[in-house]
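This is a predicted model, so every value here is computed, not measured. Below, chains carry the letters A, B, ... as their sequence lines are ordered, and counting in each starts from 1.
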2 protein chains.
Amino acid sequence: MKGNIILNQLKVVCSLCSLRELCLPIGFGAEELQQLDVLTGSKRLVKRGEYLYRSGAKFSSIYAIRGGFFKTSVIHEDGREHVTGFHMMGDIMGLDAIATGSHACDAVALEYSEICELPFDKLSELSMAMPVLHQNLHRIMSREIAFDHEIMLMLGKMKAEERLAAFLLNLSQRFSARGYSAVSFQLRMTREEIGSYLGLKLETVSRIFSRFQEEGLIEVQKKLIELKDAPGLKRLIRGLS
Amino acid sequence: MKGNIILNQLKVVCSLCSLRELCLPIGFGAEELQQLDVLTGSKRLVKRGEYLYRSGAKFSSIYAIRGGFFKTSVIHEDGREHVTGFHMMGDIMGLDAIATGSHACDAVALEYSEICELPFDKLSELSMAMPVLHQNLHRIMSREIAFDHEIMLMLGKMKAEERLAAFLLNLSQRFSARGYSAVSFQLRMTREEIGSYLGLKLETVSRIFSRFQEEGLIEVQKKLIELKDAPGLKRLIRGLS
DNA sequence: CACGGATTATGACTTAGATCAAATCATTTC
DNA sequence: GAAATGATTTGATCTAAGTCATAATCCGTG
């Protein structure tokens, strides 16, 4: 049946390119799908340590992560760097650049990664014709805003232990949503990058990991983390301020 | 001329309702303008201390501030409140609710305010037909994301003095962009709310205001602030970390 | 306009996390 | 695979900002 063909093509397009985020709720016509093809052309491999884009660079595309791991960070004039986020499969990066037309942060691959470049003018044009795409673009941007507010609460109000616990639980939840283990995963970033993200020094991060281990909450072996007591971590964030 | 009539109508629509943000770059047809009228109907007055919306409430509209002053804040389960932003004339609130369909934060008027309610489904529908509106919606959301990243840097990396200096300069810049004085303005929030926004305690805010005054950087009289040495404040943020 | 609850200012003291330092452990690189 | 470089852990201090306490001041309301 024609419907099935279309559906299959959609699945290919979406899974091919992590467009899941952008177009999962299906409801496309045939010619709309052809148009979507325009977007899937430009895949790109990014090696560990390589920049996907740099602050100040002209904005032309947003990027969907097919696989791998990225950090984004803003740099203050005096050189201080602050990590604003860690990003994995399915996440969209570069949305903060739409407003000014140039990127406001750096995006660096923390491991060998594959991304899908989505030219924003094409995407924007397309989304005029495809309500679902349009909707999802808004949804994704809105989600980022809401999540950033959670981070602001964390940076402004939580103490070091709570931040680390929230960080680990967030990672766990995101890995699990992508089909990986929720209790055992490899950190792709250094203690310093975790600290930068959480507003702490690397020594503090290290010390608290050790303490969590002593308390039986987690098992740490350098970058390998095992959550032994997720409810315990959750309790840490809530109760004892 | 017909063109002029349309232009005038547009100006009315926009200024009437702080839609400036949403549709300034003009280029509308007559019937599009009529559609825009749909949006301008619902104005609302909000008294000091009143909630515009509460966390958890069903999302249906975003809000443009015509006049007045708001704070938005997220509340943690244990009761801790964190102020995520202060908002004034022309600002758009409620964008973080699109993703989930319910509001993620509280919005409270800090003085007698007037807002314009923009039903999001209508706005969304309209923006499908009006590229300019569509573009500007993206721009506004993107700007908020980028700004939130700046705040994250502030909360994560700057010390108390720097945060206060950045805060005052940001307020100054925003007042001045709206035609008010850049050097003299009334704070509409308490020291505690400033502290909550900046990740500091109210005593610290108070102390640093006093110190700034001793150093001749500002003049404070309760809520009235006068910037005496804006370059000095800027230097504070940059140089001496 | 006087009362009472917020709000602000300031001092004395405490503390969580930063800083400094050193030792170990891991990973590149040649 | 040895050397070099980078990442992590842990300990010993230090300090910026938090906490606690008190007084002064400012509204808002009856």
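In this structure, B:F120 and B:F59 have tilted ring planes: the angle between them lies in the 30° to 60° band.
A:R44 meets the side chain to side chain contact (heavy atoms under 4.5 Å, CB included) test with A:L52, A:Y63, A:I115, A:E117; sequence neighbours excluded. For the salt bridge (charged side-chain N to carboxylate O under 4.0 Å, His left out) test, no residue two or more places apart in sequence or in another chain qualifies with B:R191.
Using a 4.5 Å heavy-atom cutoff, the side chains of B:D106 and B:I75 are in contact. Contact check for B:F86 versus B:N170: no side-chain heavy atoms found under the 4.5 Å cut-off. Side-chain contact between A:L171 and A:M88 is present, with heavy atoms from C-beta onward closer than 4.5 Å.
Residue pairs meeting the side-chain hydrogen bond (donor to acceptor under 3.5 Å, both in side chains) criterion with at least one member in residues 195-207 of chain A, sequence neighbours excluded, are A:S196-B:K157.
Of the residues in residues 203-212 of chain A, those placing a heavy atom less than 4.0 Å from an atom of DNA chain C are A:E203, A:T204, A:R207, in numerical order. Looking at residues 192-200 of chain A, you'll see that no heavy atom sits under 4.0 Å from any atom of DNA chain D.
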Quick one: which protein N/O atoms are closer than 3.5 Å to N/O atoms of nucleotides 22-25 of chain D? Pair and distance per line, please.
none

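At most 12 heavy atoms of other shown residues, nucleotides or ligands fall within 6.0 angstrom of atom CD in B:Q221.
Between B:K71 and B:E81 there is a salt bridge, since at least one side-chain N of the basic residue sits less than 4.0 Å from a carboxylate O of the acidic one.
When each of C:dT8, D:dT8, C:dA18 is scored by its nearest atom to the side-chain atoms of B:L202, the top-ranked nucleotide is C:dT8.
Between A:K223 and D:dA7 there is no side-chain N or O to OP1 or OP2 distance below 4.0 Å. Dashed line: the shortest gap from a side-chain N or O of A:R191 to OP1 or OP2 of C:dC25 is not under 4.0 Å. Contact annotation: A:K159 does not reach the phosphate of C:dG17 (side-chain N/O to OP1 or OP2, under 4.0 Å).
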